[in-house]
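Just so you know, these numbers come straight off a predicted model, no measurement behind them. Just so you know, residue 1 is the first one in the sequence shown, and it goes up from there.
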Amino acid sequence: MDAVYIDEEKKCVKLFNFKYRESFNNNKTQSLNDSFISTKFLNLCLSEDKKEFDKYSEKLKCKLKKLNDIFLTPKDVWDVTFYQVSNEANEVKTINSELDHLSSLYKINIKPLALPTISQFMSIRPKDINASMILSKDALMCYSEDSKATAKSYVLRVRCDEIIRITSNDEQLRLDKNIEDISVLANSILEYGVLFDNVRGFVKNSKYNPNISDTIKNNPTKFFMYNNGITIVAKSISATNLPGNRMMRLDINGFQIVNGGQTLRTIHEFNKENADNINNYLCNAEVLLRVFMPDIDSNDIHKIAEYTNSQNSIKSSGLKSLSTEQIDIERYLDEHDIAYIRKSGDTGSDEGKKYKFIIKMETFGQILKAVSGYPEKSTNSMKDIFEKDYNNLFINNFDIKMAPKLITYYYDVIKAYKESGFSGNQIKYFYILYIKYRGVKDSYSHLINKLESCISEYEIEDISTVRKMGLSKFKEFVNNQFKI
C-alpha cells in the first residue's frame, strides 16, 4: 500500500496502490495481480495483535491502529475504498477473486484507476455550477420528449436580476433563493465557468451589445420580446411545488450556458455600470430562459450548442470549438506555455500566465492544412478545414505531440521573414512550413530566398502574389524547384 487517507469527519478511508509502467502499450489493460502486496497491508490492519504495529514508524503505526479500530471495532458506518492506480491505457474490467473476496467480506470498495480516468482529473473543465430559483408557475413551462420520460426540461420567464444572481461567482448567492435586498447584486461578478461550453467569446465591440443595454434601460418590459433569450444545459434539474401550489423551486445542477452568452455578459456589464441599475432597470426586465437536461451519453449537449447557435451567423470553426479534441489541444498546448484560442474573445485558459506564443484555432487549422500537403489551399478554404477536412486534420491524421513544434516553426518562419527583407504574408509562411515538413533541411533564410525566386520566376499575367500561390500549378512548380 502506497498511501492511506482517513477522513474522520466524513467517515471514509481511501487506500491507494500505485504502479508506474516504464513503457506504454495502447492495448494494455490493468492487471490487479499486483494487488497481492496491498492485501498483505489489509490483513495487517485486521490483525488481532496490535504489537505487530510497533516495528513501524510512529506515523504508520498511528494509521494502522486507527484502521484496526475501524475494521475490528467500528463505532460507525465507514466507507472504505481501495484504489488500484496505474498509468496503463485501459482500466481492468473485472476484479480478481482475492480482492473480490476482500471486497465482500470486509465491505471494501475496489476502484481501478488508469489513464482514461486520470486524464479526466486533469481536465480544464470547471467544477459543476449549481443554482436555485423560486418562480411563479405562470412563468414556467415543463417539457419532456415523451409522456413517459422522467427527465424534464423547462422554458422560463426570469427577471434579469435573477440571471445575475444564478450566474454569480458567489456560490452562496447562487443558492440563496430569497434575497430581500437585491442591491447586494450590484457588485456581483460573472462566473465565467458557466460559459465553458459556449461557442462564442465576448465580442466587446459587437453592434448588438448597446442594443441589449438600451432595451434594458429604456424598454425593460419589452426585453423579453426583443431578445432571443438564454439556453442552459444541466446535469440535473429538480422542480418542487411549494405550499399554495402557486410557486415552484427549481434546482439546476451542473449547468452550462450554451447559447445567449453575449446577452448574459452584456447584462452583467450593464449591472457594473451603475450600482442603481439592479433596482432601477434589471429587476423590471425579463428574459427567456430555456433549461434542458440532455442525455450526457448521447452528445446532445454539443448538438444543442451547435444547433441553437447555427441559426445565427457563427462560423463552422466556432461550432467545432467545443469538441473534445479542441479542448484536449488547448490543455496540451497550455502545458507547453502556448495559449490556444478556441473562441473569439478568449485570451488563454490562464489570463495571469505568460505564454510563449498565442495561436488561434483557425490559424492552427491552416497550419495543419499546409503541412498535410495543401499550402495552396491553406488560406482560402477555412470552411473546408472545419467541415470536410476536419476529421482528417484534427482526428485521424493528427499527432498532438507535434502541435507545439508546428506552432514554434510557424513563429520561427514569421521571425525569419521579418529579418529577410522580403514582405511576408500567411500563405508564404504556410508554404515554408510545407517545404520544411517535406524534409527540406535548409535554413529558413535559404528557404525564403528560394521561395521568393519561385514567386518571381512563375509568370502569369494580371494576378496577385497571393492568388498565384493559391494555384495548384504553382505548388507543382515549387515542388520541382525544391525537389519535393
Please check if the side chain of R438 supplies one atom and the backbone of K483 the other of a donor-acceptor pair under 3.5 Å. no

Is a donor from one side chain sitting under 3.5 angstrom from an acceptor on the other, for N392 and N396? yes

Write down the atom of I455, the atom of K468, and the distance for their closest heavy-atom approach. O-NZ, 2.7 Å

Under the salt bridge (charged side-chain N to carboxylate O under 4.0 Å, His left out) rule, what do D389 and K369 come out as? Steps first, then yes or no, please. CA-CA 9 Å; D389 301 328; K369 181 78 171 180; 2.5 Å; yes

Nearest 0.5 angstrom please: L175 CG to D170 CG, how far? 9.0 Å

Ionic contact status for E452 with K428, cut-off 4.0 Å: yes

Can you find a pair of side-chain heavy atoms, one from Y390 and one from I385, that are under 4.5 Å apart? no

Once the angle between the rings of Y83 and F16 is folded into 0 to 90°, is it parallel (under 30°), tilted (30 to 60°) or perpendicular (over 60°)? parallel

D176 and R174 ion-paired at < 4.0 Å: no

Please check: side-chain N/O of Q256 versus main-chain N/O of F196, any donor-acceptor pairing under 3.5 Å? yes

I would like to know whether F398 and I400 meet side-chain contact (heavy atoms from CB on, under 4.5 Å); could you show each step before the answer? CA-CA 6 Å; F398 181 65; I400 197 169; 3.8 Å; yes

Could you check whether any side-chain N or O of N227 sits under 3.5 Å from a backbone N or O of F223, counting only pairs where one atom can act as donor and the other as acceptor? no

Under 4.0 Å between a Lys/Arg side-chain N and an Asp/Glu carboxylate O for D328 and R331? yes

Quick one: are Y437 and S372 in side-chain contact, heavy atoms under 4.5 Å? no

Is the NZ atom of K418 crowded by more than 12 outside heavy atoms at less than 6.0 Å? no

Any side-chain heavy atom of I367 sitting closer than 4.5 Å to one from L433? yes

What closest approach, in Å, do S188 and L173 show between heavy atoms, and which atom pair accounts for it? OG-CD2, 4.5 Å

Distance under 6.0 Å and angle within 45° of the ring axis: does K436 meet both against Y409? yes

Donor-acceptor contact present, side-chain R342 to main-chain S321, <3.5 Å: yes

Ring center gap for F394 and F386 short of 6.0 angstrom: yes

Within 6.0 angstrom of E459 CD, more than 12 heavy atoms from elsewhere: no

Answer yes or no: does atom NZ of K360 have more than 12 heavy-atom neighbours from other residues, nucleotides or ligands under 6.0 Å? no

Classify the side-chain pair H268/T167 by whether it contains a donor and acceptor separated by less than 3.5 Å. yes

Determine whether more than 12 heavy atoms belonging to other residues, nucleotides or ligands lie under 6.0 Å from atom CZ of F474. yes

Electrostatic pair K235-D128, nearest N-O below 4.0 angstrom: yes

Evaluate whether atom NZ of K137 has more than 12 neighbouring non-hydrogen atoms of other residues, nucleotides or ligands under 6.0 angstrom away. yes

Do you know which two heavy atoms are closest between A416 and Y444, and how far apart they sit? CB-CB, 3.7 Å

Any side-chain donor paired with an acceptor under 3.5 Å for Y355 and D334? yes

With rounding to the nearest 0.5 Å, note down the distance linking CG in L406 to CG in L333. 10.0 Å

Okay, side chain of T408, backbone of P404: is any donor-acceptor separation there less than 3.5 Å? yes

Start with the C-alpha distance between Y154 and F292, add both sets of side-chain angles, then the distance that settles ring pair (Phe, Tyr, Trp, His ring centres under 6.0 Å), and finish with yes or no. CA-CA 7 Å; Y154 297 87; F292 297 117; over 10 Å; no

Hey, are K475 and E376 close enough for a salt bridge, meaning a charged N less than 4.0 Å from a carboxylate O? yes

What pairs with Y192 under ring pair (Phe, Tyr, Trp, His ring centres under 6.0 Å), at least two apart in sequence or on another chain? none

Do you know which two heavy atoms are closest between Y417 and S423, and how far apart they sit? CE2-O, 3.9 Å

Please check: side-chain N/O of E191 versus main-chain N/O of G193, any donor-acceptor pairing under 3.5 Å? yes

K217, NZ atom: more than 12 neighbouring heavy atoms under 6.0 Å: no

Counting C-beta onward and ignoring hydrogens, is there a side-chain heavy-atom pair between I182 and C283 closer than 4.5 Å? yes

Return yes if some donor-acceptor pair links the side-chain N/O of S378 with the main-chain N/O of F430 below 3.5 Å, else return no. no

Is it the case that more than 12 heavy atoms not belonging to K450 sit under 6.0 Å from its NZ atom? yes

Salt bridge flag under 4.0 Å for residues E269 and K272: yes

Looking only at heavy atoms, the pair that brings Y431 and L471 closest together is OH-O, 4.2 Å

For the pair E286 and R157, evaluate salt bridge (charged side-chain N to carboxylate O under 4.0 Å, His left out) and give the outcome as yes or no after the intermediate values. CA-CA 6 Å; E286 294 179 312; R157 189 180 74 246; 3.1 Å; yes

Under the 3.5 angstrom rule, does the side chain of N87 hit a backbone N or O of R21 as a donor-acceptor pair? yes

Return the minimal non-hydrogen interatomic distance between L451 and F482, and the atom names on each side. N-CZ, 3.8 Å

Any side-chain heavy atom of I395 within less than 4.5 Å of one from E325? yes

Any side-chain heavy atom of M133 sitting closer than 4.5 Å to one from R165? yes

Sequence-distant partners of N253, side chain to side chain contact (heavy atoms under 4.5 Å, CB included), two or more places apart: N130, S236

Side-chain donor-acceptor contact under 3.5 Å, Q481 with Y458: no

Is K401 paired with D399 through a side-chain N to carboxylate O contact shorter than 4.0 Å? no

Check the surroundings of atom CZ in R467: do more than 12 heavy atoms from other residues, nucleotides or ligands lie under 6.0 Å from it? no

So, do I252 and F255 sit near enough that their side-chain heavy atoms are less than 4.5 Å apart? yes

